[in-house]
Number of protein chains: 2
Amino acid sequence: MSLRDATPASPATLTTTLAGRLRGAILRGDLEPGSKLVLDRIRAGFGVSLSPLREALCRLESEGLVEAEDQRGYRVSPVSADNLTEVIRLRVELEGMAVREAILHGDAAWEGRVVSALHQLSRCVRGARSEEEQEAWEARHRAFHAELISACRMPLLQQFCETLHDQSDRYRRIFLKDHAPDRDVPAEHAAIAAAMIERRAEEAVRLLREHVERTGRNIQAALRGAV
Amino acid sequence: MSLRDATPASPATLTTTLAGRLRGAILRGDLEPGSKLVLDRIRAGFGVSLSPLREALCRLESEGLVEAEDQRGYRVSPVSADNLTEVIRLRVELEGMAVREAILHGDAAWEGRVVSALHQLSRCVRGARSEEEQEAWEARHRAFHAELISACRMPLLQQFCETLHDQSDRYRRIFLKDHAPDRDVPAEHAAIAAAMIERRAEEAVRLLREHVERTGRNIQAALRGAV
DNA sequence: CCGGATGAAAATATCGATTATTTATAGATC
DNA sequence: GATCTATAAATAATCGATATTTTCATCCGG
């Protein structure tokens, strides 16, 4: 379903690998928002040819991480308060819908996956020392949120949610780089998971909304400060 | 904003042109759902090289019109009752949200654009004799629906709506190919436009939902018959 | 001193050919 | 007779090079 882990069976094509590396670089903030992506330089940097690079960028474009303009190449999508507001707003609406559906359709296997994802997330530390540990947390965090809605039976909606989640992750990682989280995020995750498994739909939606909007407000504050 | 008419200023690149032609072929149903897209054959058919073709397909992939699998090439996205159900459901939810926002933010210029789009649409005939006239209606119809939500100030949401609209258009054009519309579609369009301009948000949302769901039900019926 | 034309440099878009992978086929083995 | 394996054909992925387009610094005229 996901754009990210499409086919672990067949050997990943160079394009797919490259897209992953570039996505990481953008989400991590290594590639600055708005900066121009000079194809030849990246090509040289990654030691690949232009064809797979162009295709990888095309995929990232569909995820909204880069923008292309005919005859003028690619650039990393710029950030703005308005864009962030929209991303948060859409996350709340779409993930809310997905959560309701998942609660409706989820079975025991799904509950198991949610519990497992929550547990694995809890074993990672957020403000990790090493880059590597941070990446591990990010991956688990993304996986947890994806699992919550994995039973919604709406593949398109799941994809929209994933895209939006990546977008807001980028903001968080760029602007909340070395902010100690001011709140008990693990507890929030646990509460959301519990509400979902116990089929308390309205509460789950509310908790998720507060979780998302709280992060959004923190980023907005940092963003205003960063201007 | 749109993926379709990105930059009329700079000369459209081959890729962009090609993507448009392929999109037309898929929406029109010329390329059968689920059918394999053999790159070399298309390449020969359109008289282009592989690079722009691959990139064009990549764009269509982000619109959900084709699917790619690593090392196994592209195929036209298959159709299914479940997928159609999801598309309709998401259109209702997302366009509903967009309509509310557009009513909130729309100004006189926007009202003018809506009236204009409605008028232009009304000058086209739906069950047109010629292919060309049919294409003209399709374009105006798409433009009308896009204009309704053009004032919503949520570019991402607009893009989602456009994608979903294309998807449901494909179903309609394939499965309702030569169905005389059983209802007064022009009147429905006029009613939606009026409700929006007069800022009757709830009514506009309701009318749009009924408009979309009615079409959805008709397609579902035809789809069941076509199995 | 400023604004628009000019041309060199940089970057992008496209091509044709090469390499790697998958799919289909035929043969061998159980 | 069915299944596995090796081979061949088809197809996709990638590359290096060429053709266009844009950008930017420069020069000329006002």
Side-chain angles (χ1 to χ4, degrees), chain A residues 3-23 25-26 31-63 65-78, chain B residues 3-23 25-26 31-63 65-78:
Chain A
L3 288 172
R4 201 176 329 289
D5 41 36
T7 318
S10 65
T13 170
L14 225 192
T15 296
T16 303
T17 311
L18 197 64
R21 293 217 280 166
L22 283 168
R23 174 171 28 238
I26 293 174
L31 292 172
E32 205 164 331
S35 65
K36 184 146 182 28
L37 293 169
V38 181
L39 297 187
D40 210 51
R41 200 166 310 158
I42 306 178
R43 190 202 61 72
F46 285 91
V48 297
S49 177
L50 246 51
S51 322
L53 176 57
R54 290 186 69 77
E55 199 160 332
L57 287 171
C58 187
R59 295 198 199 171
L60 297 185
E61 187 185 7
S62 74
E63 298 170 33
L65 296 178
V66 309
E67 294 180 349
E69 200 171 346
D70 275 359
Q71 313 282 22
R72 222 161 299 183
Y74 291 89
R75 60 180 57 249
V76 180
S77 296
Chain B
L3 288 171
R4 202 176 328 289
D5 40 36
T7 319
S10 65
T13 170
L14 224 192
T15 295
T16 303
T17 312
L18 197 60
R21 292 216 280 166
L22 282 168
R23 177 174 20 242
I26 293 174
L31 292 172
E32 206 165 328
S35 64
K36 184 144 181 32
L37 293 168
V38 182
L39 297 186
D40 210 51
R41 200 165 311 158
I42 307 178
R43 190 202 61 71
F46 285 91
V48 297
S49 177
L50 246 51
S51 322
L53 175 57
R54 290 185 70 78
E55 199 160 331
L57 286 171
C58 187
R59 294 198 199 173
L60 297 185
E61 187 185 7
S62 73
E63 299 170 32
L65 297 177
V66 308
E67 294 180 351
E69 200 172 345
D70 275 359
Q71 314 283 23
R72 222 160 300 181
Y74 291 89
R75 62 179 56 248
V76 180
S77 295

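Chain letters run A, B, ... following the sequence lines, proteins first, then strands; residues in each count from 1. What's counted below: heavy atoms across the whole structure, side chains too, no hydrogens, waters or symmetry copies.
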Point to revise | Atom pair CD/OG1 of A:E69 and B:T13 - distance to nearest 0.5 Å | key: 12.0 Å

Practice item. Give, for atom CD of A:E63 and atom CD1 of A:I26, the distance between the pair rounded to the nearest 0.5 Å. Key: 9.0 Å

Check your understanding: So, A:R75 side chain and A:S35 main chain: donor-acceptor pair closer than 3.5 Å or not?
Key -> no

Closest to side chain of [X], choosing from [options]:
| X | options | value |
| --- | --- | --- |
| B:L14 | C:dT14, D:dA13, D:dT23 | C:dT14 |
| A:L39 | C:dA13, C:dT14, D:dG16 | C:dA13 |
| B:Q71 | C:dA13, C:dG16, C:dT21 | C:dT21 |
| B:K36 | C:dC15, C:dT23, D:dA12 | D:dA12 |
| B:V38 | C:dT14, D:dC15, D:dA12 | D:dA12 |

Are any of [X]'s side-chain N or O atoms less than 4.0 Å away from OP1 or OP2 of [N]?
| X | N | value |
| --- | --- | --- |
| A:R41 | C:dA11 | yes |
| B:T13 | C:dT14 | yes |
| A:R72 | C:dA11 | no |

From [atom1] of [X] over to [atom2] of [N], roughly how many Å is that when rounded to an integer?
| X | N | atom1 | atom2 | answer |
| --- | --- | --- | --- | --- |
| A:E55 | C:dA13 | CD | P | 14 Å |
| B:R54 | D:dC15 | CZ | P | 12 Å |
| B:R75 | C:dT22 | CZ | P | 15 Å |
| B:L57 | D:dA12 | CG | P | 10 Å |
| A:D40 | C:dA9 | CG | P | 17 Å |
| B:L50 | D:dT11 | CG | C1' | 10 Å |
| A:D70 | C:dA13 | CG | P | 7 Å |
| B:E69 | D:dA13 | CD | P | 10 Å |

Exercise for review: Using the side-chain contact (heavy atoms from CB on, under 4.5 Å) rule, take B:V66 and B:L31 through it: C-alpha gap first, then chi angles, then the decisive distance, then the call.
Suggested key: CA-CA 10 Å; B:V66 308; B:L31 292 172; over 6 Å; no

Review point. Given B:L22 and B:I42, is the side-chain contact (heavy atoms from CB on, under 4.5 Å) satisfied, shown in steps?
Key: CA-CA 10 Å; B:L22 282 168; B:I42 307 178; 4.3 Å; yes

Check your understanding: Hey, does B:L37 reach any base, or is it just sugar-phosphate, or nothing, if we go heavy atoms under 4.0 Å?
Key -> sugar-phosphate

**Study point:** Upstream residue (5' side of DNA chain D) when A:P52 and B:G73 are each assigned their closest nucleotide
**Key:** B:G73

